[in-house]
**Q** 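I have a structure here, written as structure tokens, and I will follow up with some questions on it.
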Amino acid sequence: MTTIALQVNRRAVELSAEPRTSLADFVRDKLDLTGTHLGCEHGVCGACTVLVDGVPARSCITYAAACEGADITTIEGLDEDEITTELRAAFTREHALQCGYCTPGMLVSARDLVLRLPDADERRIRVGLSGNLCRCTGYVGIVRAVQSVIEARRAPDIAPLADGGRTSLGPAGSGRAASGRSEPRPAQQALAPASESAEPGSIPDFIPATVLDQRFTLPHPPAKVFAMFDDIGAIAACLPGVSLKSPPRPERVEGLIRVRLGPIAAAFEGAARVERDPATLSGRIVGIGTDQRSHSATQGEIRYRLLPLEGGTATAVELSIGYTLTGMLAQVGRPGLVRDLAKRLVAEFAANLDRHMSGAPSRAGAPAELSFWSIVSDVLRARLARLLGRRSEPE
């Protein structure tokens, strides 16, 4: 076994694997990024295409160890990418997919063509996609989709990127392991926001894949609630499943979040930074974390704003919870389940805040848990409450 350090979808990853492990098996089996599909496993069909340092590469015939220190982007890492978003819409519009098995690799290759081709020449597009095989569509819709995106981007004078951003010759990722371990390179400009060129150890900004809005009220004045939000230790004690590893600092808070989604338990170990704006009674908490057991990773942010109620004697707390989740938990953490879990966490957080500010002890350290039976029982209780409410209404 050897330890391989990569940057995958803008996150540092360091895991053990056999030297013969392909990059495709590494991202699928070690990181649960199963959007990278395996077809021929001989570098012919293109279903496994990913970006290595911004360049399309066949991950089934690329050794993970050969990419030591490289920046890897799988189809999951292109969720917020502008060109890929346009291509997805065009693929749908032009009926450019049927079974969808080739589509992740096809999108990665098509994105490279959109970046570097000067115009929507059909022959050059077909040549550029010749390494991605599709057994369903006949390629006509795929070519039309790529053409439409290139035309739409060249019309407002969005110039092609020379050589698709390539800065060196040779196979993608080649020669990286020859002189010992190298540090992961920053993500390519087209994939990562400028804020991610931050100092090592800092918490980067990011664009959440999912955003949930929540609101609750507290029977305390806004100034008192805002002061409470400045006490990071007290806030952590009120958050279900959260515990701190060291004394908190505004620029960096290190801790652990325990979560259970059905049969899967995870303990995300990571760090966060805290921002506050006293003028608007608002703030933001941005964090990152990984769970070694499930090979899951997350980035999250909580934005809050305090509004006075009842003449300033009470406070409405508006929350915007954004997150991006990868790994095993992303496979079971469907939006409906996560939304239900978020509502439970916010409700318990609000209750703990109220207890703490009223001088009563809060329930700290319990894992944030969502189970099938808890969902069923809540649904039954809600339906029973609605039924009883209708019966109690006057005729």
**Q** Should we count OH of Tyr63 as having more than 12 external heavy atoms under 6.0 Å?
**A** no
**Q** Do Met228 and Leu218 have side-chain heavy atoms sitting under 4.5 Å apart?
**A**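 SC-SC contact between Met228 and Leu218 ruled out.
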**Q** Distance from Arg126 atom CZ to Asp121 atom CG, nearest 0.5 Å?
**A**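 The CG atom of Asp121 is 11.0 Å from CZ of Arg126, to the nearest 0.5 Å.
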**Q** Among Thr315, Thr313, Asp354, exactly one meets side chain to side chain contact (heavy atoms under 4.5 Å, CB included) together with Pro219. Which residue is that?
**A**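 It is Asp354, the one option of Thr315, Thr313, Asp354 that forms the side chain to side chain contact (heavy atoms under 4.5 Å, CB included) with Pro219.
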**Q** For Arg88, is there any backbone N or O sitting under 3.5 Å from a side-chain donor or acceptor partner on Thr92?
**A**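 Flag set: sc Thr92 to bb Arg88 pair under 3.5 Å.
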**Q** Could you give the distance from CD1 (Ile4) to SG (Cys67), rounded to the nearest 0.5 Å?
**A**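 Output value for this atom pair is 9.0 Å.
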**Q** Taking Arg154 for the side chain and Ile158 for the main chain, is one N or O donor matched with an acceptor at less than 3.5 Å?
**A**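 Answer holds: yes.
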**Q** For Asn9, run the side chain to side chain donor-acceptor pair (under 3.5 Å) check against Thr74, Asp71, Asp79 and tell me which one passes.
**A**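 The residue from Thr74, Asp71, Asp79 that satisfies side chain to side chain donor-acceptor pair (under 3.5 Å) with Asn9 turns out to be Thr74.
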**Q** Before you tell me yes or no, could you show the steps for Ile257 and Thr298 under side chain to side chain contact (heavy atoms under 4.5 Å, CB included), namely the whole-Å CA-CA distance, both residues' side-chain angles and the distance that decides it to 0.1 Å?
**A** CA-CA 11 Å; Ile257 302 177; Thr298 187; over 6 Å; no
**Q** Mind checking whether Leu51 and Val108 have side chains closer than 4.5 Å, heavy atoms only?
**A**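 Side-chain contact under 4.5 Å: yes.
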**Q** What heavy-atom pair brings Cys238 and His356 nearest, and what distance separates the two atoms?
**A**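 Cys238 and His356 have their closest heavy atoms at SG-CB, 4.0 Å.
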**Q** Hydrophobic clustering (ILVMFWY, side-chain heavy atoms < 4.5 Å, transitive) - are Val127 and Val114 grouped together?
**A** no
**Q** Is any side-chain heavy atom of Phe229 less than 4.5 Å from a side-chain heavy atom of Val317?
**A**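 Yes - at least one pair of side-chain heavy atoms lies under 4.5 Å apart.
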**Q** Run the salt-bridge test on Arg305 and Asp277 with the 4.0 Å N-O cut-off and return the result as yes or no.
**A** no
**Q** Are Ile61 and Val27 connected in the hydrophobic side-chain network, where two residues link if heavy atoms are under 4.5 Å apart?
**A** no
**Q** When rounded to the nearest 0.5 angstrom, what is the spacing between CD in Glu41 and OG in Ser59?
**A** 9.5 Å
**Q** Give me the atom names and distance for the closest heavy-atom approach of Asp119 to Ile150.
**A** C-CG2, 3.7 Å
**Q** Quick one: do Glu318 and Arg303 satisfy side chain to side chain contact (heavy atoms under 4.5 Å, CB included)? Show the steps, please.
**A** CA-CA 8 Å; Glu318 294 184 345; Arg303 296 176 181 266; over 6 Å; no
**Q** Examine distances only and state if a side-chain atom of Gln98 and a backbone atom of Cys136 form a donor-acceptor pair shorter than 3.5 Å.
**A** yes
**Q** Which pair of heavy atoms, one from Arg28 and one from His37, lies closest together, and at what distance?
**A** NH1-CA, 4.1 Å
**Q** Do side-chain atoms of Glu122 reach the backbone of Val143 as a donor and acceptor pair under 3.5 angstrom?
**A**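 Flag not set: sc Glu122 to bb Val143 has no pair under 3.5 Å.
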**Q** Drop me the distance from Thr36's OG1 to Ile75's CD1, to the nearest 0.5 angstrom.
**A**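 With rounding to 0.5 Å, OG1 (Thr36) is 8.0 Å from CD1 (Ile75).
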**Q** So Leu38 and Asp25, do their side chains get closer than 4.5 Å, heavy atoms only?
**A**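 Of all side-chain heavy-atom pairs linking Leu38 with Asp25, at least one is under 4.5 Å.
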**Q** Any heavy-atom pair between the side chains of Ile125 and Gln147 that's under 4.5 Å?
**A** yes
**Q** Can Val242 be reached from Leu256 by stepping across I, L, V, M, F, W or Y side chains whose heavy atoms are under 4.5 Å apart?
**A**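 No, it is not one cluster - the side chains of Leu256 and Val242 are not joined through contacts under 4.5 Å.
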**Q** Identify the two heavy atoms, one from Asn132 and one from Ser109, that lie closest to each other, and give their separation to 0.1 Å.
**A**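 The pair with the smallest heavy-atom distance is OD1-OG, 2.8 Å.
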**Q** Side chain to side chain contact (heavy atoms under 4.5 Å, CB included) between Leu31 and Leu15: does it pass, once the steps are laid out?
**A** CA-CA 9 Å; Leu31 302 175; Leu15 295 170; 3.7 Å; yes
**Q** Taking a hydrophobic cluster as the set of Ile, Leu, Val, Met, Phe, Trp and Tyr residues connected by side-chain heavy atoms closer than 4.5 Å, whether directly or through intermediates, do Met357 and Leu306 fall within one such cluster?
**A** yes
**Q** Could you check if a side-chain atom of Leu133 sits within less than 4.5 angstrom of a side-chain atom of Tyr139, using non-hydrogen atoms only?
**A**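 When only atoms from C-beta onward are counted, Tyr139 and Leu133 do touch, with a gap below 4.5 Å.
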**Q** Distance from Leu87 atom CG to Thr103 atom OG1, nearest 0.5 Å?
**A**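 If we round to the nearest 0.5 Å, Leu87:CG and Thr103:OG1 are 11.5 Å apart.
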**Q** Just wondering, more than 12 heavy atoms not from Glu18 lying within 6.0 Å of its CD?
**A**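 More than 12 within 6.0 Å, yes.
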**Q** Are the side chains of Arg153 and Glu82 in contact, using a 4.5 Å heavy-atom criterion?
**A** yes
**Q** If every non-hydrogen atom of Thr3 is compared with every non-hydrogen atom of Ser16, which pair is closest and at what distance?
**A**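 What the structure gives for the nearest pair is OG1-OG, 3.8 Å.
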**Q** What do the steps show when you test Leu78 against Leu107 for side chain to side chain contact (heavy atoms under 4.5 Å, CB included), and what is the final call?
**A** CA-CA 10 Å; Leu78 295 172; Leu107 286 171; over 6 Å; no
**Q** When clusters are formed by joining ILVMFWY residues with side-chain heavy atoms under 4.5 Å apart, either directly or through shared neighbours, do Val225 and Leu319 land in the same one?
**A** yes
**Q** Here's one to test your reading of the geometry: is the NZ or CZ of Arg276 within 45 degrees of the ring axis of Phe226 and under 6.0 Å from its centre?
**A**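 Checked: cation-pi criterion met.
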**Q** Is any side-chain heavy atom of Glu68 closer than 4.5 Å to a side-chain heavy atom of Thr2?
**A**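 Glu68 vs Thr2: side chains apart.
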**Q** Of all the heavy-atom pairs spanning Arg11 and Thr290, show the shortest one and how long it is.
**A**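 Closest pair (atom of Arg11, atom of Thr290, distance): NH2-CG2, 3.3 Å.
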**Q** Please report the interatomic distance NE2(His42) to CZ(Arg58), rounded to the nearest 0.5 Å.
**A** 14.0 Å
